[in-house]
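Below is one structure, written out as structure tokens, with a few remarks after it.
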Amino acid sequence: MNVRRQPPKALRLLTKPPARSYRSVRAASQCSAPGPSSTPHDRPHFPCVDAHAARESRIITARSPSSPSTASSSGPEPPYARPNPTSYSIYHHHSPLPLVYADPLPAFDIAYETWGALSPAKDNVILLHTGLSASSHAASTDLNPADGWWEKFIGPGKALDTNQFFIICTNVLGGCYGSTGPSSIDASTGEPYATRFPVLSIFDMVRAQFSLLDHLGIDRLYASVGSSMGAMQSLAAGWLYPDRVGKVVSISGTARSSPSAIAMRFAQRSVLMADPNWKKGFYYDGLPPHTGMKLARQIATITYRSGPEWDLRFGRKLRKLPDDAPAYPDRARTPALCPDFQIETYLDHQGEEFCLKYDANSLIYISKAMDLFDMTAPALAELRLAMPPPRAGPPPLPPSLAAHPASPAHAQYHHLLSHSKSHPPPPNPALHLPELAAGLRPLANTPVLILGVQSDILFPVEQQREVADALRIAGNQMVSYYELGGVWGHDTFLLDVQNIGGAIRGFLS
């Protein structure tokens with residue numbers, strides 16, 4: 001008996017597309033805003049799409065950056081604006097800088113700003129590291145009175161107390177706010193580097209910063225402080241220069257970029273590089289990839305905040321309709337395919353504010369450096385980085401004690417450092433934890449403060465716990481670890497002055 005085999009059900013479905021579903025999708029794609037079209041054949045209006053063309057027209061007309069942004073009034077937002085080129089200093093380094101992944105960079109510039117007074121012994125210096133897209137303008141200065149991105153944390157009596165410390169903040173190598181990056185002129189061609197710029201590592205950025213310190217005659221840092229990508233740089237500084245870095249503060253960071261964070265940053269680079277205006281990085285004589293930058297920023301913003309905050313802040317509320325919008329009292333409001341929910345308008349606003357303020361290639365290069373960051377021993381060996389020994393001497397005394405002769409207070413201070421807040425050991429430690437502990441061995445004698453935020457989805461607290469565990473396994477008895485609550489997600493380090501600032505102040509002083 002012959003039995004005719006039936007094709008699988010899924011294949012049968014593919015041979016005959018469901019016409020009703022196709023018509024539904026097609027109809028939905030034409031619904032752009034509340035209210036029906038005047039006739040069934042009218043083309044719909046998409047203001048969120050038209051905004052890209054309008055922005056491009058403004059760029060062509062003005063050929064200059066957009067006007068400075070103002071902080072959103074819908075909730076707590078960190079200030080963000082281009083720094084004024086006349087308000088920061090520039091260090092010109094004329095000798096080659098060795099790079100991890102490429103030939104040495106022949107020369108480079110580092111933009112920086114300072115706060116406080118340098119002590120005669122030059123022993124009160126704090127190097128502040130930035131996040132991915134921040135400038136050197138961490139706080140207001142006489143030359144630039146605009147608020148900086150860490151305004152509430154720097155100043156007399158604040159977390160970084162300018163009555164005690166001399167604070168230096170740089171724009172990282174690879175950036176676009178005064179330091180050498182892809183948008184800088186390549187002396188060998190007379191044109192911007194674009195994507196001919198070498199791939200960077202976090203270690204390259206830190207070495208460039210220490211070239212600045214050498215130029216300023218600063219042999220040792222009292223502390224290296226950083227959040228987000230800056231937390232990576234802070235750990236790298238303590239690792240590269242154990243005898244030159246007195247303390248390390250690592251906030252909402254990691255010692256090993258996770259696959260989830262790499263995926264989020266890859267998605268940002270993908271939409272940016274898909275913008276036709278990107279032109280494989282060679283766009284400096286034409287239009288920048290502003291649409292890709294806007295979409296990349298929207299993706300990034302999702303990782304910077306948290307769902308609980310947005311639930312409290314926006315809920316499922318819809319945007320307010322324009323006063324001239326037609327009303328249809330006999331039926332529900334017609335949904336729009338452009339931003340309709342308040343959370344959509346928020347993301348749209350964040351992308352719009354950012355897309356012309358930062359160089360697209362800098363975003364690509366610096367985010368890639370974050371992805372490459374891995375302080376496990378095998379990864380460091382692969383980079384041919386020689387592992388230095390831990391610091392030999394005791395950690396530095398705070399200025400309040402250093403100014404006085406040796407006393408029992410000094411011993412008490414070091415005793416307090418060695419009795420830091422702990423957390424339960426991991427029940428199921430990651431397989432790479434021993435390798436991370438081996439990699440962090442140079443930090444075994446350096447006091448380290450690690451802060452994590454429970455609502456952070458970009459750098460989850462498990463990653464900060466992992467750093468603390470690895471340091472302790474490496475023999476460090478001066479690890480202070482704290483987890484913070486709250487709903488602000490990764491951006492907590494920009495907003496929570498009381499808890500973040502208080503922990504830093506206590507650790508430094």
Checklist entry - Going by atom types only, do Arg269 and Ser367 share a side-chain donor-acceptor pair under 3.5 Å? => result yes
Next on the checklist: Please report the interatomic distance CG(Leu440) to CG(Asp469), rounded to the nearest 0.5 Å.
Outcome noted: 11.0 Å
Next on the checklist: Tell me if a side-chain donor or acceptor on Thr130 pairs with a main-chain N or O of Ser135 at a distance below 3.5 Å.
Outcome noted: no
Next on the checklist: When you compare the side chain of Leu295 with that of Leu272, does any pair of heavy atoms fall below 4.5 Å?
Outcome noted: no
Item to check | Enclosure of Phe266 CZ (heavy-atom neighbours >12, cutoff 6.0 Å) | outcome: no
Next on the checklist: Looking at every non-hydrogen atom in both residues, tell me the closest pair between Ala377 and Ala438 and how far apart they are.
Outcome noted: CB-CB, 3.8 Å
Item to check | Shortest non-hydrogen contact from Pro388 toward Pro442 | outcome: O-CG, 3.3 Å
Next on the checklist: Please check: side-chain N/O of Ser227 versus main-chain N/O of Gly230, any donor-acceptor pairing under 3.5 Å?
Outcome noted: no
Checklist entry - With side chains defined as the heavy atoms from C-beta onward, is the minimum distance between Leu443 and Pro242 less than 4.5 Å? => result no
Item to check | Main-chain N/O of Ile154 paired to Trp115 side chain as donor or acceptor, under 3.5 Å | outcome: no
Next on the checklist: Leu385 vs Trp239, test: side-chain contact (heavy atoms from CB on, under 4.5 Å). Steps then yes/no.
Outcome noted: CA-CA 11 Å; Leu385 292 174; Trp239 190 94; 3.9 Å; yes
Item to check | side-chain hydrogen bond (donor to acceptor under 3.5 Å, both in side chains) evaluation trace for Tyr304 with Asp456 | outcome: CA-CA 7 Å; Tyr304 295 158; Asp456 191 341; over 6 Å; no
Item to check | Atom pair OG/CZ of Ser270 and Arg265 - distance to nearest 0.5 Å | outcome: 13.0 Å
Item to check | His93 and Ser95 side chains, donor-acceptor separation under 3.5 Å | outcome: yes
Checklist entry - Regarding Thr301 and Gln350, is there a side-chain donor-to-acceptor distance under 3.5 Å anywhere? => result no
Checklist entry - At their closest point, which heavy atom of Ala236 faces which heavy atom of Val206, and how far apart are they? => result CB-CG2, 4.0 Å
Checklist entry - How many angstroms lie between CE in Met478 and CZ in Arg472, if you round to the nearest 0.5 Å? => result 12.0 Å
Next on the checklist: Under 3.5 Å, is there a donor on one side chain and an acceptor on the other for Thr254 and Gln463?
Outcome noted: yes
Checklist entry - Salt bridge or not for Asp214 and Arg207, using N-O below 4.0 Å? => result no
Next on the checklist: Within this structure, what is the CG-CZ distance for the pair Asp219 and Arg244, rounded to the nearest 0.5 Å?
Outcome noted: 5.5 Å
Checklist entry - Has Glu462 got more than 12 heavy atoms of other residues, nucleotides or ligands less than 6.0 Å from its CD? => result yes
Checklist entry - With distance as the sole criterion, is a donor-acceptor pair present between the side chains of Ser228 and His490 under 3.5 Å? => result yes
Next on the checklist: Whether the side chain of Lys280 engages the backbone of Ala194 through a donor-acceptor N/O pair (distance < 3.5 Å, no angle test) should be reported.
Outcome noted: no
Checklist entry - Any sub-3.5 Å donor-acceptor pair from Thr114's side-chain atoms to Ile167's backbone N or O? => result no
Checklist entry - For Ser224 and His129, does a side-chain donor sit closer than 3.5 Å to a side-chain acceptor? => result yes
Checklist entry - Given the rule in the ring pair (Phe, Tyr, Trp, His ring centres under 6.0 Å) test, do Tyr222 and Phe165 qualify, once you have shown the distances and angles that lead to the verdict? => result CA-CA 9 Å; Tyr222 180 77; Phe165 302 112; 5.1 Å; yes
Next on the checklist: Tell me if the aromatic rings of Tyr358 and Tyr177 count as close, with their centers under 6.0 Å from one another.
Outcome noted: yes
Checklist entry - Would you call Phe108 and Ile110 a side-chain contact if the rule is heavy atoms closer than 4.5 Å? => result yes
Checklist entry - Does Asn476 reach the main-chain N or O of Leu471 with its side chain, forming a donor-acceptor pair under 3.5 Å? => result no
Next on the checklist: Is the ring pair Trp150/Phe153 parallel, tilted or perpendicular, if the boundaries are 30 and 60 degrees?
Outcome noted: parallel
Checklist entry - Thr492 and Asp496: side-chain hydrogen bond (donor to acceptor under 3.5 Å, both in side chains), yes or no, with the steps? => result CA-CA 5 Å; Thr492 296; Asp496 191 348; 6.0 Å; no
Item to check | Tyr241/Phe210 aromatic ring centres below 6.0 Å | outcome: yes
Checklist entry - Would you call Glu352 and Arg55 a salt bridge, using N to O less than 4.0 angstrom? => result yes
Item to check | Minimum-distance pair of heavy atoms, taken over all atoms of Leu128 and Ala138 | outcome: CD2-CB, 3.8 Å
Checklist entry - When rounded to the nearest 0.5 angstrom, what is the spacing between CG in Asp374 and CD in Glu435? => result 8.5 Å
Checklist entry - Could you walk me through whether Ser201 and Asp204 pass the side-chain hydrogen bond (donor to acceptor under 3.5 Å, both in side chains) check? => result CA-CA 5 Å; Ser201 73; Asp204 299 330; 3.1 Å; yes
Checklist entry - Could you walk me through whether Thr189 and Arg196 pass the side-chain contact (heavy atoms from CB on, under 4.5 Å) check? => result CA-CA 11 Å; Thr189 65; Arg196 288 187 295 252; 4.0 Å; yes
Next on the checklist: Whether the side chain of Thr303 engages the backbone of Ala300 through a donor-acceptor N/O pair (distance < 3.5 Å, no angle test) should be reported.
Outcome noted: yes
Item to check | Arg305/Asp491 ion pair, N-O < 4.0 Å | outcome: yes
Checklist outcome for this item: Tightest non-hydrogen contact, residues Thr446 and Lys247, listed as CG2-CA, 4.1 Å
Item to check | Side chains of Glu151 and Ser140, donor plus acceptor under 3.5 Å | outcome: yes
Checklist entry - Between Ser260 and Phe459, is a side-chain contact (heavy atoms from CB on, under 4.5 Å) present by the stated rule, with each step listed? => result CA-CA 9 Å; Ser260 62; Phe459 292 90; over 6 Å; no
Item to check | Centroid-centroid distance, Tyr365 to Phe197, less than 6.0 Å | outcome: yes
Checklist entry - Do Leu173 and Leu97 touch side chain to side chain, with heavy atoms closer than 4.5 Å? => result yes
Checklist entry - If you measure from the Lys or Arg side-chain nitrogens to the Asp or Glu carboxylate oxygens, is any gap between Lys294 and Asp348 under 4.0 Å? => result yes
Checklist entry - Nearest 0.5 Å, what's the CG-CG distance between Asn428 and Leu433? => result 12.0 Å
Next on the checklist: Does the plane of the ring in His92 sit parallel, tilted or perpendicular to the ring in His94? Use 30° and 60° as the thresholds.
Outcome noted: parallel
Checklist entry - Can you tell if the side chain of Ile185 reaches within under 4.5 Å of the side chain of Glu191, non-hydrogen atoms only? => result no
Next on the checklist: Between Ile366 and Leu200, is the side-chain contact (heavy atoms from CB on, under 4.5 Å) condition met? List the steps.
Outcome noted: CA-CA 7 Å; Ile366 296 177; Leu200 297 175; 5.7 Å; no
Checklist entry - Can you find a side-chain donor-acceptor pair between Tyr481 and Glu483 that sits under 3.5 Å? => result yes
Next on the checklist: Do Asn124 and Gln164 make a side-chain contact, defined as non-hydrogen atoms from C-beta onward lying under 4.5 Å apart?
Outcome noted: no
Checklist entry - Would a 4.5 Å heavy-atom cut-off, applied to side chains only, mark Leu484 and Gln454 as touching? => result no
Next on the checklist: Could you check whether any side-chain heavy atom of Leu212 comes within less than 4.5 Å of a side-chain heavy atom of Ile168, counting everything from C-beta outward?
Outcome noted: yes
Checklist entry - Any sub-3.5 Å donor-acceptor pair from Ser257's side-chain atoms to Leu372's backbone N or O? => result no
Checklist outcome for this item: For Leu451 and Gln464, the nearest pair of non-hydrogen atoms, with its separation, is O-CG, 3.5 Å
Next on the checklist: Any donor-acceptor pair under 3.5 Å linking the side-chain atoms of Tyr284 with those of Asn361?
Outcome noted: yes
